[in-house]
Amino acid sequence: MQYGLMKSEPAVFSIDSLARAPRKRSHWDGVRNYQVRNMIRDEMKKGDLAFFYHSSCEVPGIVGIARIVKEGYPDPTAFDPTHDHHDPKSDPANPTWYMVDVELVEKFATPVTLDMLKANADKLSDLLILRRGNRLSITPVTAAQWQKVTKLAR
DNA sequence: GCCAACGTTGGC
DNA sequence: GCCAACGTTGGC
């Protein structure tokens, strides 16, 4: 995939949670959408970079950059009946849900807010996060979009 | 809390 | 396979 964007609700898992994690690494678990599962399982490669996006919060926007450090493997929380994201239909012998591991690369000094992204919609046409009704928690980002957003962060 | 948009489920 | 009902997401 090379470049992507990963959404998270900061109340659940924020960029600061990732910064505090051992070696600044964490599982990206809980994905329960087939399109996103396919991306995680088939397309995200070690070394790929992703914008870390905070959603459903006071100031939604891109707050930093993470790197994929482990490619797709079965998400064990799907098999855990006590877990929020438990899925009784996922068979450990043939897992439905996958996750990747990510590592913090950079927390932006100033986030690139959703407002800023919208204000630059002319340059960021087709950035999927700006598209109406887009609900995928992980979306691909083109190299051109990556450069432009990175510039906005500086 | 509201609402638009979309995914999933289940009856037929 | 269709489609209505329902659940979830996410900005506002």
Side-chain angles (χ1 to χ4, degrees), chain A residues 1 3-21 26-44 48-68 71-102 104-142 144-146 148-153:
Chain A
M1 171 180 289
Y3 295 117
L5 181 148
M6 304 173 87
K7 279 195 282 205
S8 183
E9 298 184 24
V12 178
F13 187 77
S14 71
I15 194 160
D16 291 325
S17 321
L18 183 57
R20 281 193 303 265
S26 180
H27 313 304
W28 198 275
D29 58 25
V31 167
R32 298 292 182 266
N33 170 286
Y34 286 99
Q35 258 180 284
V36 177
R37 187 279 312 269
N38 291 347
M39 279 189 273
I40 283 182
R41 192 188 53 185
D42 308 329
E43 289 172 43
M44 299 183 86
D48 287 356
L49 296 175
F51 289 130
F52 197 121
Y53 181 92
H54 281 174
S55 68
S56 296
C57 57
E58 214 167 316
V59 185
I62 296 169
V63 292
I65 295 173
R67 181 190 293 118
I68 308 305
E71 292 176 14
Y73 62 106
D75 178 350
T77 66
F79 311 129
D80 179 356
T82 68
H83 202 281
D84 268 1
H85 298 297
H86 177 232
D87 179 4
K89 285 176 292 184
S90 182
D91 172 9
N94 183 21
T96 309
W97 304 116
Y98 283 69
M99 64 184 188
V100 289
D101 288 359
V102 298
L104 181 66
V105 173
E106 175 186 0
K107 180 184 170 182
F108 292 155
T110 5
V112 181
T113 64
L114 181 57
D115 284 346
M116 288 168 69
L117 294 172
K118 285 178 176 168
N120 290 275
D122 52 331
K123 302 184 197 109
L124 291 166
S125 56
D126 289 338
L127 186 66
L128 290 170
I129 193 79
L130 295 178
R131 232 184 247 174
R132 219 159 50 100
N134 170 52
R135 296 172 30 184
L136 300 181
S137 59
I138 300 180
T139 46
V141 168
T142 67
Q145 289 165 346
W146 184 270
K148 286 168 186 166
V149 172
T150 305
K151 238 177 220 172
L152 289 177

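Each chain gets a letter, A, B and so on, in the order the sequences are listed, and its residues count up from 1.
Residue Tyr53(A) places at least one side-chain N or O closer than 4.0 Å to OP1 or OP2 of dG11(C). Side-chain nitrogen and oxygen atoms of Ser55(A) include at least one within less than 4.0 Å of the OP1 or OP2 phosphate oxygen of dG10(C). Between Lys7(A) and dT8(C), a side-chain N or O to OP1/OP2 separation shorter than 4.0 Å is absent.
Inter-residue side-chain proximity for Lys7(A) and Asn134(A) is flagged as met; some heavy-atom pair is nearer than 4.5 Å.
The pair Asp42(A)-Arg37(A) does not meet the salt-bridge criterion, since no charged nitrogen lies less than 4.0 angstrom from a carboxylate oxygen.
No side-chain N or O of Asn38(A) forms a donor-acceptor pair with one of Tyr98(A) less than 3.5 Å apart.
Trp146(A) and Phe51(A) have parallel rings, their planes meeting at less than 30° on a 0 to 90° scale where 60° marks the start of perpendicular.
Separating the CG atom of Leu5(A) from the P atom of dT9(C) is a distance of 16 Å, rounded to the nearest angstrom. Counting to the nearest Å, the C1' atom of dT8(B) and the CH2 atom of Trp97(A) are 10 Å from each other. With rounding to whole Å, Lys118(A) atom NZ is found 9 Å from dC12(C) atom C1'. In this structure, the OH atom of Tyr34(A) is 14 Å from the P atom of dG7(B), given to the nearest Å. dG7(C) atom P lies 18 Å from atom CG of Asn33(A), rounded to whole Å. Rounded to an integer number of Å, the gap from CD of Glu9(A) to C1' of dG10(C) is 8 Å. Rounded to whole angstrom, the span from the NE2 atom of His54(A) across to the C1' atom of dC12(C) amounts to 19 Å. The CD1-P distance, from Ile138(A) to dG7(B), rounds to 16 Å in whole Å.
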